[in-house]
Amino acid sequence: MDDTGNKIPIKPLGWWVRSHGCNELHLEHIELEVCLMGWVQYRRDHGGLIFIDLRDRDGLTQVVFSPEVNALALEEAHALRSEYVIAVKGVVRERPKDMINPNLKTGHIEVAVKEFRLLNRSETPPFLIEDRVEVAENLRLKYRNLDLRRPSMVRNIRMRSQAVSALRNFLNESGFIEVETPVLTRSTPEGARDFLVPSRQNQGFFYALPQSPQLFKQLLMCAGVDKYYQVVKCFRDEDLRADRQPEFTQVDLEMSFVEEGGVMSVSENMIAALFREVSGIELETPFMRLNYDQAIADYGLDRPDVRFELKLKDVTEIVRGSGFNLFANAQLVKALRVPGGSELSRKEIDDYTDFVGIYGAKGLAWIKIKDNEWQSPIAKFLSGEERAGLSSVLGLEPGDIVFFQAASPDVVNNALGYLRIKLGERFQLIPENTFAPLWIMDFPLLEWDEEEKRWTARHHPFTAPKDGHLDLLEHEPGLALARAYDLVINGYEIGGGSIRNHTREGQEKMFAVLGIDNEQAGNEFGFLLQALDYGAPPHGGIAFGLDRLIMLMVGAASIRDVIAFPKTQKAACLMTDAPATVTSKQLRELGIRLREQGKTLDN
RNA sequence: GGGGCCGUAGUUAAGCUGGUUAUAACGCCGGCCUGUCACGCCGGAGGGCGCGAGUUCGAGUCUCGUCGGCCCCGCCA
């Protein structure tokens, strides 16, 4: 720092006590002696008069240094710079009529500074502390303490706090008990990759950080806690996305003596209370429900964004005998009609073709419906009958475009499902500031893992099958449905849960179909099975992704904007430089030797 | 594991087909200024283009590698 010039000393707070926040003073406070503390946002130095916008987490207040009030203070205030921390004492006064700043909540007043103290200086910050400047995210993450000073980030963090408070209030009032569960637990098969923690006292043994408190909350039900919840960190060592972090927060709950409806209605009321209290938005309950098959049929995805109406249509049968071989032979052919879509340029269509390629689509067939003809590379292959069929099933009108996907069901549904969202954005079909919650029900219990050649749990291994579907596990596992439910809002999976297996018999059958034999089940889930033996009540629950929920509520594009200290896509913290190497002594204590030498802190 | 985009003063960007001292705005520093409010005016400093090789008479500009950030596929019960 430059020590020359008009440097003024840093002073202690002394007996000064802050009287108001920087977004608090109005006309009713005129004549009042106040004491404000905060950061220098803007300095407007007129030589004989200095204006400073003082900022704290609440807002801005203009403070004025003038010779009439305190000439010495004015003299010293020339040295103030951006982000200096100061305390001012002064009198609130009304601004002259034509000097009112309508952009500030405190714009009708200003504080005439009688006395001020410099509490700390600041280097010039690496970026301006403002909402309107766009700064590279790696810089924001490196200087997160500065990034968090920006009003929009303050707002996000504060809203998150209010949301958690609203959720806790609701659950507390609804008879739930918050119970903390271990962060150091054991690794279990199935599910995501675990973060492992080596044990010093038991060398060669490892804890795992919980992917969720699933087993503990079920044990709490076995304990008779009846209604449990927790706002809890969960850890999954998988690759990141805009809406995924390696550590994230769940609002986790579990209830005894309930079926699907019991959990869902508590959940709806909780989410509705949350939106009402934090955002002032009234969500209509009960939420819409859609079964999984229908979601896939209409939207291609199991987390449909139902804020807009475009739907997929199965046209497999219509083009079954088509002269267009791709259509005639495909396992599934679906169409997506976009009203008014024929305005799309060739380039846009090419871009969409590339886009669906991401999901394994080999191409993207399309037809533009013109007044007197169908403009399309594939129109010539379609018979009059096929045209008539498509026309009536899809309700085609001039000006439309129809996209087709003919392939395996997975590819067709994914490609058109994601294309639907792209087109919804392109044609501005998605209303803003709208929240469309819905439940997805009747999921398949199991999923075939082609790589491992075995069935895996679609939800998790503790989910109960639908009544009567237990017997399907032996012969037709793929047909068994789960007593599971997902809450989807605006295309994001916000929560998911299920009714659990609460008998040993049911749980063992589930393990069996997953290829977990009795020995392994005993070793790894023995405590659960044993708990089920001792009068486990019927129970079920759900977990909500708090970060995603807040992201939706504040309108952020990334989960990182609602997490105070998030990690990058490579799971690094740019502020602390975690993860980092450790000393060889630390490793020795843990009984660990690195496969690649020379990567410890001390060599 | 894979695909795409990006990396140039403190920041945000421009830099066409490789060609003299690498631009601009904001910020920063100095000066002036008593009603500004993203104050204004005058003057100034500041980077060799993420890093490393290579091609070339010559490289922000081309090639390869590498590091980092973002988006996505796989993965995420």
Side-chain angles (χ1 to χ4, degrees), chain A residues 2 4-6 41-54 60-69 71 74 78 81-83 95-104 106-107 110 112 123-143 146 188-194 211-212 214 234-246 248 354-361 411 414-415 418 443 445-447 449-451 455-463 482 484 493 496 498 510 514 543 545 557-558 560 567-570 572 574:
Chain A
D2 186 0
T4 62
N6 48 3
Q41 177 72 37
Y42 301 115
R43 178 181 57 112
R44 293 177 293 279
D45 188 339
H46 290 237
L49 195 65
I50 297 175
F51 300 94
I52 279 179
D53 290 338
L54 194 64
L60 296 175
T61 299
Q62 174 169 286
V63 301
V64 191
F65 296 81
S66 62
E68 293 83 9
V69 180
L74 170 67
H78 287 297
R81 294 293 182 271
S82 285
E83 300 307 312
R95 294 197 195 185
K97 286 282 171 283
D98 47 345
M99 312 288 169
I100 290 166
N101 185 345
N103 300 318
L104 292 187
T106 60
E110 63 192 8
E123 296 284 320
T124 301
F127 50 84
L128 274 66
I129 313 298
E130 292 177 347
D131 277 342
R132 62 171 169 277
V133 295
E134 282 195 20
V135 187
E137 195 161 6
N138 53 348
L139 255 196
R140 293 177 54 201
L141 292 176
K142 181 170 180 190
Y143 298 96
L146 298 180
T188 51
E190 304 286 311
R193 196 176 290 114
D194 284 319
Q211 298 176 24
S212 81
Q214 182 62 34
C234 301
F235 307 86
R236 293 177 191 175
D237 188 7
E238 297 292 349
D239 289 338
L240 275 44
R241 290 286 189 281
D243 62 352
R244 289 191 338 220
Q245 282 275 301
F248 59 100
D354 290 342
F355 173 72
V356 295
I358 295 171
Y359 305 99
V411 168
N414 265 324
Y418 286 108
F443 286 89
L445 183 67
L446 302 163
E447 233 165 13
D449 184 328
E450 193 48 50
E451 260 177 49
W455 292 101
T456 57
R458 196 194 156 86
H459 186 56
H460 58 51
F462 316 107
T463 297
E493 187 196 323
S498 64
M510 183 67 178
L514 295 174
S558 155
R560 293 184 300 277
K567 293 184 171 53
T568 69
Q569 196 158 47
K570 288 190 72 183
L574 297 183

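Note on naming: letters A, B, ... go to the chains in the order of the sequence lines (proteins, then strands), and numbering restarts at 1 for each one.
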TODO: Ignoring hydrogens and angles, answer whether the base of B/G35 and the side-chain atoms of A/E110 contain a donor-acceptor pair closer than 3.5 Å.
DONE: yes
TODO: Identify whether the glycosidic angle of B/G58 places it syn (within 90° of 0) or anti.
DONE: anti
Open item on the list: Whether the side chain of A/R236 and the base of B/C76 hold a donor-acceptor pair under 3.5 Å is what I'd like checked.
Closed with: no
Open item on the list: Would the distance check show the side chain of A/E83 and the main-chain N or O of A/P125 forming a donor-acceptor pair, the cut-off being under 3.5 Å?
Closed with: no
Open item on the list: So which atom in A/Y359 and which in A/N414 form the shortest heavy-atom distance, rounded to 0.1 Å?
Closed with: CB-CB, 4.0 Å
Open item on the list: Using a heavy-atom cut-off of 4.0 Å across all strands, would you classify A/R560 as base, sugar-phosphate, or nothing?
Closed with: sugar-phosphate
Open item on the list: Could you report the tightest heavy-atom contact between A/D53 and A/L60, atom names first, then the distance?
Closed with: CB-CD2, 4.3 Å
Task: Rounded distance in Å between the P positions of B/C64 and B/C5 - done: 13 Å
- [ ] State the syn/anti category of B/G30 according to its glycosidic angle, syn meaning within 90° of 0.
- [x] anti
Open item on the list: At 4.0 Å (heavy atoms only), tell me whether A/E190 reaches a base, stays on the sugar-phosphate, or touches nothing.
Closed with: nothing
Open item on the list: With nearest nucleotide decided by heavy atoms, which residue, A/S82 or A/V133, maps closer to the 5′ end of RNA chain B?
Closed with: A/V133
Open item on the list: Using the C1' atom as the point on both nucleotides, what is the distance between B/C33 and B/G40, in whole Å?
Closed with: 8 Å
Open item on the list: Within the 3.5 Å criterion, strictly below it, is a donor on A/Q211 or A/D194 matched to an acceptor on the partner's side chain?
Closed with: yes
Task: Whole angstrom value for the distance that separates P of B/C70 from CG of A/L574 - done: 7 Å
- [ ] Would you mind classifying the nucleic acid contact of A/T124 as base, sugar-phosphate or nothing, using non-hydrogen atoms under 4.0 angstrom?
- [x] sugar-phosphate
- [ ] Describe the nucleic acid contact of A/S212 in one word from base, sugar-phosphate, nothing, applying a heavy-atom distance below 4.0 Å.
- [x] base
Open item on the list: If I pick the P atom on B/G18 and the same atom on B/C57, what distance separates them, to the nearest angstrom?
Closed with: 15 Å
Task: Watson-Crick or G-U wobble partner of B/G60, both distances under 3.5 Å - done: none
Task: P gap between B/C26 and B/G44, integer Å - done: 15 Å
Task: Value in whole Å for how far the C1' atom of B/U34 lies from CD1 of A/I50 - done: 11 Å
Task: B/A24 - base-pair partner by Watson-Crick or wobble geometry, distances under 3.5 Å - done: B/U12
Open item on the list: Using modelled atom types and a 3.5 Å cut-off, is there a donor and acceptor pairing between side-chain atoms of A/S212 and backbone atoms of A/C234?
Closed with: no
Task: Atom-pair distance (CD on A/Q569; P on B/C67), nearest Å - done: 16 Å
Open item on the list: Pairing donors with acceptors under 3.5 angstrom, does anything connect the side chains of A/Q569 and A/R244?
Closed with: no
Open item on the list: Taking donor-acceptor contacts at under 3.5 Å, does the side chain of A/D239 reach the base of B/G74?
Closed with: yes
TODO: Go through the N and O atoms of the side chain of A/R95 and the base of B/C37, and report whether any donor-acceptor pair is under 3.5 Å.
DONE: yes
Task: Span that lies between the C1' atom of B/U11 and that of B/U55, in whole angstrom - done: 34 Å
Task: Shortest non-hydrogen contact from A/L445 toward A/T463 - done: CD1-O, 3.8 Å
TODO: Tell me the partner of B/G18, counting only Watson-Crick (N1-N3 plus N6-O4 or O6-N4) or G-U wobble (N1-O2 and O6-N3) with both under 3.5 Å; none if nothing fits.
DONE: none
Open item on the list: Quick check: on RNA chain B, is the nucleotide nearest A/I358 upstream (toward 5') of the one nearest A/A136, or the reverse? Name the residue that is more 5'.
Closed with: A/A136
Open item on the list: If the threshold is 4.0 Å, N to carboxylate O, is there a salt bridge linking A/R132 and A/E130?
Closed with: yes
- [ ] Please work out if A/P126 contacts a base, only the sugar-phosphate, or nothing of the nucleic acid, heavy-atom cut-off 4.0 Å.
- [x] sugar-phosphate
Open item on the list: If I pick the P atom on B/G4 and the same atom on B/A22, what distance separates them, to the nearest angstrom?
Closed with: 34 Å
TODO: Report yes or no: is the ring centroid of A/F51 under 5.5 Å from the six-membered base ring centroid of B/U36, with the two planes under 30 degrees?
DONE: yes
TODO: Using a heavy-atom cut-off of under 4.0 Å over every strand shown, decide if A/Q211 touches base, sugar-phosphate, or nothing.
DONE: nothing
- [ ] Tell me, please, which residues at least two apart from A/D243 pass salt bridge (Lys or Arg N to Asp or Glu O under 4.0 Å).
- [x] A/R548
Open item on the list: On the nucleotide B/U34, are OP1 or OP2 found under 4.0 Å from the side-chain N or O atoms that A/S66 carries?
Closed with: no
Task: No-H, no-angle donor-acceptor pair, A/E134 side chain to B/U11 base, under 3.5 Å - done: no
- [ ] Grab the CD-C1' distance between A/E137 and B/U11 for me, whole Å please.
- [x] 16 Å
TODO: Would you mind classifying the nucleic acid contact of A/F462 as base, sugar-phosphate or nothing, using non-hydrogen atoms under 4.0 angstrom?
DONE: nothing
Task: Interatomic distance, A/K142 NZ vs B/C70 C1' [rounded to whole Å] - done: 18 Å
- [ ] With C1' as the reference atom in both, quote the distance from B/A14 to B/G7 in angstrom, rounded to an integer.
- [x] 15 Å
- [ ] Scan nucleotides 38-44 of chain B nucleotide by nucleotide, 5' to 3', and note B when protein non-hydrogen atoms come under 4.0 Å of the base, S if they reach only the sugar-phosphate, - if neither.
- [x] BB-----
TODO: Evaluate the ring pair (Phe, Tyr, Trp, His ring centres under 6.0 Å) criterion for residues A/H46 and A/F51: first the C-alpha distance (whole Å), next the side-chain angles of each, then the deciding distance (0.1 Å), finally the verdict.
DONE: CA-CA 8 Å; A/H46 290 237; A/F51 300 94; 5.5 Å; yes
Task: B/C51 to B/U8 separation - C1' atoms, rounded to the nearest Å - done: 14 Å
TODO: Mind calculating the distance between CG (A/N414) and C1' (B/C73) to the nearest angstrom?
DONE: 10 Å
Open item on the list: Determine whether a donor-acceptor pair (one donor, one acceptor, N or O, separation below 3.5 Å) exists between the side chain of A/R81 and the base of B/G27.
Closed with: no
